[in-house]
Number of protein chains: 2
Amino acid sequence: MVTAEKVAQLSGVSLSTVSQVLGDRAHLFRAETREKVVRAAQKLGYRPNSSARAMRSGRLGAIGLLLSTEEHRSSLFEKMLVGIYDELVRQNLRLNVARFPDKALTDEGFVPQILREWSCDGLLINYNALIPPRMVELIQNYKIPSVWINSQRDTDAIRPDDFGAGVIATEYLLKLGHRRIAYASYSGGGHYSTTDRRDGYAHAMKQAGLAPQIIGAQTGSSFERSQRIQASRQWLEQSDRPTAVITYAGSTALPIIMAAIGELGMRVPRDLSLVTFDDSLFDDCGLAVSTMVIPEYELGQTAARMLEQKIKTSGQSLPSQVLTMQLVQGNSCQSII
Amino acid sequence: MVTAEKVAQLSGVSLSTVSQVLGDRAHLFRAETREKVVRAAQKLGYRPNSSARAMRSGRLGAIGLLLSTEEHRSSLFEKMLVGIYDELVRQNLRLNVARFPDKALTDEGFVPQILREWSCDGLLINYNALIPPRMVELIQNYKIPSVWINSQRDTDAIRPDDFGAGVIATEYLLKLGHRRIAYASYSGGGHYSTTDRRDGYAHAMKQAGLAPQIIGAQTGSSFERSQRIQASRQWLEQSDRPTAVITYAGSTALPIIMAAIGELGMRVPRDLSLVTFDDSLFDDCGLAVSTMVIPEYELGQTAARMLEQKIKTSGQSLPSQVLTMQLVQGNSCQSII
DNA sequence: CTGAAAGCGCTTACAG
DNA sequence: CTGAAAGCGCTTACAG
């Protein structure tokens, strides 16, 4: 193992000189001394031990990202991760990823190692589903500065505005002249977005004096993938079928498209207008579906910023933030006026 | 900040007693002493400082995962991450994620912080595209124990057997009686899998005395998503169209399905058999496409194991591993015998 | 059965 | 302009 001590020996200066030259006090030393030290460090492949530094500074130089093992949409996940990471790089912080099942946390004895040891300056907590009470308790007990991602807490949380997005999507289709607008969701799940998007849609419909039409799984249940095309076909075949549909996610839109185009000979957007939610313009199948884009990158980035803030103020509470979603237009909507 | 010292004070014992009771020497102490210490630690919310421990042990207790910023399939990414993580938990290791663009590494002066500082015991390197020579150089220079994921290096690497999977997929369709089997890829990219899967297919075709038919983008180029349905339609309309197609990924299969089913009124598998590559059975659209499954979880898990091995033997070289892919059957293939 | 002391690798006042 | 020394929070041989 190469230590600063060894660099000092090789370059014939003291340990503290090495530290200062390689740190932010290089300007205090003669060019000659600096050169000697830098050359020796390079030759030996010296890398300062981050633990030693952390001990001195009292800061670990890392934050932890806590993930549930419950299913979550992975592309979302990656973009958020990148947003977090980019912000951390700016602050010279490392990113520690941890992950454990909700179930483990209901067990009284279980304390995950990221909480048990002091190895991060703060925590980003990304639980798409419900947050186990015991987790909140553990974190409060240990007084770890934390920010909750995708959570509806009043403080120290950040999430996208799912309700507002439901409204925006609906009003967009209303403006195109649609009246029979449905909302479809084939997956259940305890996350608030499942209800919020739907409620935003229903709210906008009622505002326009129209009756909401909800298609698909109710909260908690979920359609098997293999049944989704068939289920879509059923409601698409009815004579008073909607002229436009808002889908919970791209994965909801796909079987609907398959049923409409493949089985019933319909065209999009000629016979059916579509708007979906996703993390970017949903065009996996070659057809660009107009999308309410979840700002995953910004979510991650802002969460990281909030956490840095909290770490600086040793855990002081911050007001929660709600990020607006934007509609990105594809080729899946048509005016029927 | 709560230190072991404070726990010692509160419980009226010495610092070293606290350390030993909370460590793995608890059995050496009287039950009464143990209780006192544990209670005090709990009351104060004591968490041992991992840096201090790391300094003593000479091991950081963490490994680093290096990611390229170049596009990669995100769901793959998540499963691999989980495989890595599960294995690390078993060894009580933390996971540090880092990420930087290939371009940055061509810059002579740039050394990413995960390499510049000594903050991990070893590195998992996941570059789907080409590995910048400078990165290899940096890692060798610093003598960091490393394992390369998705790389064709002879040592210290792990990857799935893309060539073999191409063969398996083709032989499966041959056995079902297909002769006009095509291979389709709409994306380019420098990764070896692009060529290996195709070459495996071509190899199996030639073995069977048949001429390979490659459809779509050649290496390096890539079809825009919006053109993929149209492109698919073109080759599907020809009179001698293939009866079966192997696609590079699910994202290649989707527009083909859309063109076949939606535009040409074909059925799968009646009029066209499909096999694809993906990280799990590809049924996004409600139709289960038979899939050569990339063992992402095992890839991550095994890579982590290899790295742990290397860390123990202070970086000694390990032979590379190649993981076989399995065919998971959906409803997209039909015998035509 | 418990405690005093050394030391892991650094940084930073302080002395010269 | 450079160096000796203290100390960050732990663990572990060693003494008692």
Side-chain angles (χ1 to χ4, degrees), chain A residues 1-38 40-41 44-62 92 94 113 116-121 142 314, chain B residues 1-38 40-41 44-62 92 94 113 116-121 142 314:
Chain A
M1 146 141 227
V2 183
T3 64
E5 181 70 49
K6 288 195 185 128
V7 177
Q9 278 163 17
L10 182 63
S11 50
V13 299
S14 78
L15 166 61
S16 65
T17 297
V18 170
S19 174
Q20 295 181 72
V21 165
L22 262 28
D24 51 3
R25 292 193 183 186
H27 60 280
L28 296 175
F29 291 78
R30 297 212 316 271
E32 195 193 344
T33 311
R34 276 182 295 185
E35 281 237 332
K36 269 194 303 196
V37 172
V38 169
L44 295 173
Y46 170 67
R47 297 190 299 157
N49 184 316
S50 68
S51 300
R53 176 171 294 170
M55 267 195 46
R56 293 259 349 161
S57 69
R59 292 254 259 121
L60 275 294
N92 227 332
R94 273 165 288 126
Q113 102 127 1
R116 208 172 42 218
E117 282 197 12
W118 195 50
S119 53
C120 301
D121 297 318
Y142 285 134
S314 48
Chain B
M1 143 138 233
V2 182
T3 64
E5 180 70 50
K6 289 196 183 126
V7 176
Q9 280 163 16
L10 182 62
S11 50
V13 299
S14 77
L15 167 61
S16 64
T17 298
V18 169
S19 174
Q20 296 181 69
V21 166
L22 263 29
D24 50 3
R25 294 195 182 185
H27 59 280
L28 295 176
F29 291 78
R30 296 212 316 271
E32 195 195 345
T33 312
R34 276 181 293 182
E35 280 239 333
K36 271 195 300 194
V37 171
V38 169
L44 295 173
Y46 170 67
R47 297 191 297 156
N49 185 317
S50 67
S51 301
R53 173 171 297 170
M55 269 197 43
R56 292 260 350 164
S57 70
R59 292 255 258 122
L60 275 294
N92 227 332
R94 273 166 288 126
Q113 102 128 5
R116 207 174 41 217
E117 281 197 13
W118 194 50
S119 53
C120 302
D121 296 319
Y142 284 133
S314 48

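A, B, ... follow the sequence lines: proteins, then strands. Residue 1 opens every chain. Predicted model only: the values in this text are computed from it and were never measured.
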Could you list the residues that satisfy salt bridge (Lys or Arg N to Asp or Glu O under 4.0 Å) with Arg30(B), not counting sequence neighbours? Glu32(B)
Arg59(B): which residues meet the salt bridge (Lys or Arg N to Asp or Glu O under 4.0 Å) condition with it, sequence neighbours left out? Asp121(B)
Looking at every strand, decide which applies to Thr33(B) at a 4.0 Å heavy-atom threshold: base, sugar-phosphate, or nothing. sugar-phosphate
Roughly, in whole Å, what's the span from CD in Glu35(A) to P in dT2(D)? 13 Å
Listed partners of [X] passing side-chain contact (heavy atoms from CB on, under 4.5 Å), at least two apart:
X         : answer
Gln113(A) : Arg116(A), Glu117(A), Asn92(B), Arg94(B)
Ser16(A)  : Ser14(A), Gln20(A)
Arg34(B)  : Val21(B), Ala26(B), Phe29(B), Ala31(B)

Tell me, please, which residues at least two apart from Ser50(B) pass side chain to side chain donor-acceptor pair (under 3.5 Å). none
Once Watson-Crick and G-U wobble pairs under 3.5 Å are found, how is DNA chain C written in dot-bracket notation, 5' to 3', with | for any base paired to another strand? |||.||||||||.|||
Side chains of residues 1-10 of chain B: which donor-acceptor pairs under 3.5 Å do they make with residues two or more places apart or in other chains?
from	atom 1	to	atom 2	distance (Å)
Thr3(B)	OG1	Glu5(B)	N	3.4
Thr3(B)	OG1	Lys6(B)	N	3.4
Lys6(B)	NZ	Met1(B)	O	2.6

In B/S/- notation (B base, S sugar-phosphate only, - none; protein heavy atoms under 4.0 Å), nucleotides 6-13 of chain C written 5' to 3' is BBBBBBBB
Closest non-hydrogen contact found for Met55(B) with Ala52(A) is SD-CA, 3.4 Å
